Amino acid sequence: MNGATVIRNARHWRTGERLDLAFDRGVILASPLREASRVIDARGLTLAPGLVDLHVHLREPGQASKETIERGTRAAAAGGFTAVACMPNSEPVLDSPAWIEWVRARAEAAGWCRVHPIGAVTVGQKGEQLTEFSSLKSAGAAALSDDGRPIMSAAVMRHALEYARPTGLPIICHEEDASLKGDGVMHEGFTATRLGLRGIPGAAESVLCRRDADLSELTGGRVHLAHLSASASFDALRDAKRRGLAVTGETCPHYWVLTDEAVGDYDTHAKMNPPLRSEADRDACIAAIVDGTIDCFSTDHAPHTADEKARPFTDAPFGIVGLETALALTLTHLVAPGHLTLARALERWTEAPRRAFRLPEVSLAPGSPADLVVFDPVAEWTVDPDAFFSKGRNTPFAGWRLRGRVLATMLAGRFTHVAGGVEFAAASEATGASR
Ligand SMILES: [Zn+2]
């Protein structure tokens, strides 16, 4: 008897072939062992490398009423994630090595998920003075961003890209021209007019996408365009790739699932930034996913308290939670309608984000860390925000029927999430465990 665990009869996430996989001491083994201490029968279930979310707000330090590192990373595990990158717009801002180390230490103590903190580009995210990029990197920062707000000065962005270049870190751009946004609270269009709310045009995003692609060309620095929502922004990213620039981009499930009509009657759970846009933008989002313009997916998990979201629409904060619905929204709204194969959809949550941020590779190959997810690709469930592990309940998908359910998540071989339907058996009881 040894300490190994074997997952039997799973379906390989890429090939669809039947797969037995064993791991021990956190690492995937070369072949399923004859004697394992634990066997999981994964018949009918898909086995994939753990998902990665490059865009998460864990809200600590300073905003624990919205979310904590403990709860946010537990939610990540429930969503099938084994790694997240967290944004620095906490209080205080993650603009020093000490705060990067603090987040890493807290995440490690919680133990639910690997956390790659993102350092601020400018001190206090004020858009002026650059932080110490190389010390942030040494402390463990995986990327740099002033996310939550745009860097409005092109000169500051230019210098940031020049200064970041030798570190190899990408700058994640929250693209939102402040003068075009004004005091807009939702997408500029018919619904905003009907509700008498101020609108934010898609161009508020796309003009900065174009600017930062040009600045990447000028400096050679790496640009990662965050949470793209507008048709013209997808065009800007497509164009940047055609020019061979070091520009990557992500979009989030709500942009391929919803439009501004979800705001309905001032529903603050449909208030996010960038805003839900038109049907044409949603179509362009799906087209950009299908043709490979969009590198990877992210959730922009942005928890807020119920009190904050209960405010009038114009005063409520922007943002929704996303970690616990991401995979199901992908399977239900991209894979089931035939826009993407399961393998291509999962690539955007696994290999592609790791490539974009140059995170350590994770695969099912022997020697890889056993960062894994087992899910039922067709099981249906109903979204119940009260059952979320996240402190945030702010989702527009409450009550939605979705397909695809995470049943087990493993981080370095440790189970960080197990849901009903997965049965563990001692090897001795599982007849036929050895082959
Ligand atoms: Zn943002």
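Nothing here was measured: the structure is a model prediction, and the numbers come from that model.
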K.L.:
With a 4.0 Å cut-off on N to O distance, would you call Glu205 and Arg210 a salt bridge?
P.N.:
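Here Glu205 does not pair with Arg210 in a salt bridge, since their nearest N and O are not under 4.0 Å apart.
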K.L.:
Calculate, to the nearest 0.5 Å, the distance between atoms OG1 and NE2 belonging to Thr82 and His417 respectively.
P.N.:
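Rounded to the nearest 0.5 Å, the OG1-NE2 separation comes to 13.5 Å.
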K.L.:
Give me the ring orientation class for His224 and Phe357: parallel if the planes are under 30° apart, tilted from 30 to 60°, perpendicular past 60°.
P.N.:
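Ring orientation, 0 to 90° scale: perpendicular.
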K.L.:
Which pairs count as salt bridge (charged side-chain N to carboxylate O under 4.0 Å, His left out) when at least one residue sits in residues 105-122, sequence neighbours excluded?
P.N.:
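Applying salt bridge (charged side-chain N to carboxylate O under 4.0 Å, His left out) to every pair that reaches into residues 105-122, excluding sequence neighbours, yields Glu60-Arg106, Arg114-Asp371.
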K.L.:
Between His254 and Phe397, does the ring centre distance come in under 6.0 Å?
P.N.:
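No: the rings miss the under 6.0 Å criterion.
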K.L.:
With distance as the sole criterion, is a donor-acceptor pair present between the side chains of Asn89 and Asp147 under 3.5 Å?
P.N.:
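The answer is no; no qualifying pair exists.
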K.L.:
Any ion pair linking Glu67 and Lys391 (charged N to carboxylate O, less than 4.0 Å)?
P.N.:
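No, no charged N to carboxylate O under 4.0 Å.
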K.L.:
Can Asp281 and Ser231 be counted as having a side-chain donor-acceptor contact under 3.5 angstrom?
P.N.:
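No, because no side-chain N or O of Asp281 sits under 3.5 Å from a partner of the opposite role on Ser231.
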K.L.:
I'd like to know whether the aromatic ring centres of Trp256 and Phe297 sit less than 6.0 Å apart in this structure.
P.N.:
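Trp256 vs Phe297: aromatic centres under 6.0 Å.
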K.L.:
Between Asp300 and His55, is there a donor-acceptor pair closer than 3.5 Å when you use the side chain of the first and the backbone of the second?
P.N.:
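No; judged by distance alone, with no hydrogens or angles, the pair does not exist.
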K.L.:
Without hydrogens or angle criteria, can the side chains of Arg282 and Thr259 be said to hold a donor-acceptor pair below 3.5 Å?
P.N.:
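No, because no side-chain N or O of Arg282 sits under 3.5 Å from a partner of the opposite role on Thr259.
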K.L.:
Would you check if the distance from the ring center of His227 to the ring center of His174 is below 6.0 Å?
P.N.:
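Aromatic pair counts; centres sit under 6.0 Å.
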K.L.:
Quick one: salt bridge (Lys or Arg N to Asp or Glu O under 4.0 Å) partners of Asp214, sequence neighbours excluded?
P.N.:
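Expected list: Arg243.
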K.L.:
Taking the basic N atoms (NZ, or NE/NH1/NH2) and the acidic carboxylate oxygens, is any pair closer than 4.0 Å for Glu162 and Arg158?
P.N.:
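Answer for the salt bridge query: yes.
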K.L.:
Verify, without hydrogens or angle tests, whether Glu101 (side chain) and Ala98 (backbone) share a donor-acceptor contact under 3.5 angstrom.
P.N.:
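Not confirmed, Glu101 side chain does not pair with Ala98 backbone.
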K.L.:
Check the orientation of Phe81 and Trp349. Use parallel for under 30°, tilted for 30 to 60°, and perpendicular for over 60°.
P.N.:
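Taking Trp349 first and then Phe81, their aromatic rings stand perpendicular (interplane angle over 60°).
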K.L.:
So, Glu324 side chain and Phe389 main chain: donor-acceptor pair closer than 3.5 Å or not?
P.N.:
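Checked: pair present.
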K.L.:
Does Arg149 come within less than 4.0 Å of Asp146, counting only side-chain N to carboxylate O?
P.N.:
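Looking at Asp146 together with Arg149, the answer is no, because their closest N to O distance does not fall below 4.0 Å.
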K.L.:
Does Ser229 offer a backbone N or O that forms a donor-acceptor pair with the side chain of Ser233 under 3.5 Å?
P.N.:
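Checked: no pair found.
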K.L.:
Tell me if a side-chain donor or acceptor on Lys309 pairs with a main-chain N or O of Pro317 at a distance below 3.5 Å.
P.N.:
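Yes, the answer is positive, given that a donor and an acceptor are paired below the 3.5 Å cut-off.
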K.L.:
Salt bridge check, Asp295 against Arg355: does any charged N sit closer than 4.0 Å to a carboxylate O?
P.N.:
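Salt bridge: no.
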K.L.:
Would you confirm whether Arg59, through its side chain, and Ser65, through its main-chain N or O, come within 3.5 Å as a donor-acceptor pair?
P.N.:
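Flag not set: sc Arg59 to bb Ser65 has no pair under 3.5 Å.
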K.L.:
Strictly distance-based, threshold 3.5 Å: is any side-chain N or O of Ser216 a donor or acceptor partner for the main-chain N or O of Gly221?
P.N.:
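Yes, the answer is positive, given that a donor and an acceptor are paired below the 3.5 Å cut-off.
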K.L.:
Less than 6.0 Å separating the ring centroids of His304 and Phe318?
P.N.:
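His304 vs Phe318: aromatic centres not under 6.0 Å.
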K.L.:
Say you draw a straight line from CG of Leu331 to CZ of Arg403; how long is it, rounded to the nearest 0.5 Å?
P.N.:
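The distance works out to 8.5 Å.
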K.L.:
Less than 4.0 angstrom from a charged side-chain N to a carboxylate O is my criterion; do Glu347 and Arg344 meet it?
P.N.:
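A salt bridge is absent here (no side-chain N lies under 4.0 Å from a carboxylate O).
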